[in-house]
Amino acid sequence: EDQDAEVEGRDYMAKLNKEMALLSNKQVKAAWAYDSNITEHNKELKLNVSLETAKVVKERWLNTIRFPWQSFKDEDLKRQFKKMSILGTAALPDDKYEKLENTITTMTSIYAEAKLCPYGDTSNTDCQLSLEPEISEKLAKSRSPDELKHYWVEWRNSTGRKCRNLYTEYVTLMNEAAKLNNFTDAAEYWLHDFEMNDFEKEVQKLWNVIEPLYMQLHAYVRGRLNEKYGDEMVPKQGAIPAHLLGNMWSQTWGNSYEFTVPFQGKQQIDVTESMKQQNYTPLKMFKLSDEFFKSLNLSAMPELFWNNSIIEKPQGRELVCHASAWDFYDGEDFRIKECTVVTMEDLYTVHHEMGHIQYYLQYKDQPNVYKEGANSGFHEAVGDTIALSVSTPKHMRKIGLLDPQSEDDPQADINFLFLTALDKIAFLPFGYLMDVWRWGVFKGTIEPKNYNCQWWNLRWRYQGIEPPVHRSEEDFDPGAKYHIVGDTPYIRYFVSFIIQFQFHRALCEKAGQFDPQNPTSKPLHQCDIYQSTEAGNALGAMLKMGSSKPWPDAMEALTGQRKMDASALMQYFAPLYEWLKEENKRTGASIGWRTHPQQKR
Ligand SMILES: C=C(C[SeH])C(=O)N1CCC[C@H]1C(=O)O
Ligand SMILES: [Zn+2]
């Protein structure tokens, strides 16, 4: 009768996929309504739909697990049942599920609605500065350590500090939910996404490959910050003060480029000014990205996308500005919500989000259960991979954002690699430590009484940065980062920043812009796959798979490899790595930050 069970199981799964699509559509609509317009009414609606959906999903799950799917013959049907047999947080009893949803929504609202007073305004009257765009712009542009410190500290007082107790409750409920799904804790539940039992070891090995390059970049940037801000502010052997790197979380350092660039006086490669001079708008930025995907013979954004997306910050209402891409699971409705500003940094974020939408479009005919990335890192890598081509000076000249200048100047080339490293290499230790901290919290090796101290130990050990003022357990600095309060895993971005270079190398080869037999003949960092249908077709074929196969199969389909491999990233940055080692030797810069973090006066 197993034969009959499998026949019945096939019909059951086909129906279940259709039902789950309708439930997801309903839930995503309510979540979109709330995230794009934070009101009590929309919060209630979102919570009610979430509770209702969880009840139905749990009922279906009780039927699903009754099938003897482990003994089915059809591998694909077995994979669908295997995925559907993990219920997730809906396994919690109703009251605890509601508590968990409420806690996450409350923390997200605190973050989204946080407003700061302007630096130097002691009257504290008009404290209306939001993270996007005002405070992010201050962190990017101010060169006053005092002003930077003001926004750095006040942001943490207005977000993380207010979420500390909520977060402890969140952790307890997440671990309860994990145990109800037969996982030891929420760390194991999150890591299950990568379908490999040594995943944590794998990412640690990848970090070990990259760390020497990061150390060289850190030493060089610290040297330039020391020149600018002096020994007192930036000690030559110490960790870098977190507020001086141009970003609220010190996760990318691109905004420090103007005073850390290796060779001054070369052709400008920060295209923000050109974008402004050419009257770029957010819509033009999105159209530019759409055009690149179409040039690869990939899908154009559907009409509904342009009608339903929110690409500029709407006035007169509260909303979650953190950029996001949404699948409504009906094969037609796909949206981006982004408070876009006209800068080069946001041009890359636009491509990042458009990459998510392209993935949704490519796998829209998969059964609902497979409407995911091969793993969550794949989903984060699509747009960034395209942006690696867009960001090249060659491409920027092609689209008129850089004036067509003649010779390829090796120093300008180093400047370009350096600017890319300020985003891609600087990011890696942050992308790694975010979930090292959370895995520790879920496993209980990091206890609530040490949340903040352990956070800063990791920030010191992996990033070599330190806080501009003393931190205590009154503070909760992880909660000043969206993904922590928003219940969004983060190792996916570390994975993405590694595999996007594997994808880039494979696509460049298909586009005839890279020769693995002679890697320096056409340098990987100068490759632009624009208009290559060979590259586009290969990428599309991999994206169409969704999560229908284990991710090594998807990786192999595009790159021929079955593992994550940092060699592509190291190949891309090789010229810069050599230059940094020579330069740091020339200046006698010390490598590393062995001096212990000075507890700030
Ligand atoms: C742009 C998004 C939405 Se998926 C994002 O959260 N990113 C993109 C890169 C890293 C991470 C961050 O901002 O922290
Ligand atoms: Zn993303």
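Read the numbers this way: they start at 1 and go in the same order the structure lists the ligands and their atoms. Numbering of residues begins at 1 and proceeds along the displayed sequence.
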Student: How far is atom 9 (C) of ligand 1 from its nearest protein heavy atom, and which residue and atom name does that atom have?
Tutor: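 For atom 9 (C) of ligand 1, the nearest protein heavy atom comes out as Tyr493 CD2, 3.9 Å.
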Student: Could you list the atoms of ligand 1 found under 4.0 angstrom from a heavy atom of Gln251?
Tutor: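 Checking each atom against Gln251, I get 12 (C), 13 (O), 14 (O).
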Student: Would the Phe334 and Phe328 ring centres measure less than 6.0 Å apart?
Tutor: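 Between Phe328 and Phe334, which both carry aromatic rings, the centre distance is not below 6.0 Å.
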Student: State whether the shortest distance between N or O atoms of His356 and N or O atoms of ligand 1 falls below 3.5 angstrom.
Tutor: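 Between His356 and ligand 1 (N or O atoms, distance only) the closest approach is not under 3.5 Å.
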Student: Under 4.0 Å from a heavy atom of Ala323: which atoms of ligand 1 are those, numbered in the order shown and with their elements?
Tutor: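 Near Ala323, the atoms of ligand 1 are 3 (C).
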Student: Would a line drawn from the ring center of Phe430 to the ring center of Tyr490 be shorter than 6.0 Å?
Tutor: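 Yes, the ring centres sit under 6.0 Å apart.
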Student: Using heavy atoms and a threshold below 4.0 Å, how should the contact between Tyr490 and ligand 1 be classified: side chain, backbone, both, or neither?
Tutor: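 It is the side chain that touches ligand 1; the backbone stays farther off.
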Student: For the backbone of Ala325 and the side chain of Glu353, can you confirm whether one donor and one acceptor N or O come within less than 3.5 Å of each other?
Tutor: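 Yes; at least one donor-acceptor contact below 3.5 Å.
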Student: Please confirm whether Ser324 comes within less than 3.5 Å of ligand 1 when only nitrogen or oxygen atoms on both sides are compared.
Tutor: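 No.
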Student: Measure centre to centre between the rings of Trp253 and Phe427, then say whether the value is under 6.0 Å.
Tutor: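 Between Phe427 and Trp253, which both carry aromatic rings, the centre distance is not below 6.0 Å.
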Student: Between His218 and Trp593, does the ring centre distance come in under 6.0 Å?
Tutor: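 Centroid separation for His218 and Trp593: below 6.0 Å.
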Student: I'd like to check which ligand 1 atoms, numbered from 1 as shown, lie under 4.0 Å from a non-hydrogen atom of Lys481.
Tutor: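 The list of qualifying atoms is 12 (C), 13 (O), 14 (O).
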Student: Any N/O of Glu380 closer than 3.5 Å to an N/O of ligand 1?
Tutor: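 N/O-N/O distance under 3.5 Å: no.
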Student: Assign the ring pair Tyr432 / Phe494 to parallel, tilted or perpendicular, where the plane angle (0 to 90°) is split at 30° and 60°.
Tutor: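 Tilted.
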Student: Just checking, Lys29 and Trp326: is the charged tip under 6.0 Å from the six-membered ring centre and within 45° of the axis?
Tutor: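 No.
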Student: Where is the nearest protein heavy atom to atom 1 (C) of ligand 1: which residue, which atom, and how far?
Tutor: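 For this ligand atom, the closest protein heavy atom is Glu353 OE2, 3.1 Å.
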Student: Going from CD1 on Ile498 to CD on Glu202, what distance comes out if it is rounded to the nearest 0.5 angstrom?
Tutor: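 The CD1 atom of Ile498 sits 11.5 Å away from the CD atom of Glu202.
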Student: Which ligand 1 atoms does His483 reach within 4.0 Å, using its non-hydrogen atoms?
Tutor: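 In order of numbering, the contacting atoms are 5 (C), 6 (O), 12 (C), 14 (O).
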Student: Are the ring centres of Tyr493 and Phe497 closer than 6.0 Å?
Tutor: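 No, they do not, as the ring centres are separated by 6.0 Å or more.
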Student: Parallel under 30°, tilted from 30 to 60°, perpendicular over 60°: which one fits the rings of Tyr462 and Trp207?
Tutor: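 Perpendicular.
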Student: Has Ser391 got a side-chain atom pairing as donor or acceptor with Ser389's backbone, closer than 3.5 angstrom?
Tutor: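 Side chain of Ser391 to backbone of Ser389, a donor-acceptor pair under 3.5 Å: no, none is there.
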Student: Under 2.8 Å from the Zn ion (ligand 2), which protein atoms of type N, O or S occur, listed by chain and number?
Tutor: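 Short answer, with waters excluded from the count: His352 NE2, His356 NE2, Glu380 OE1.
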Student: Does any N/O atom on His322 come nearer than 3.5 Å to any N/O atom on ligand 1?
Tutor: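 Between His322 and ligand 1 (N or O atoms, distance only) the closest approach is under 3.5 Å.
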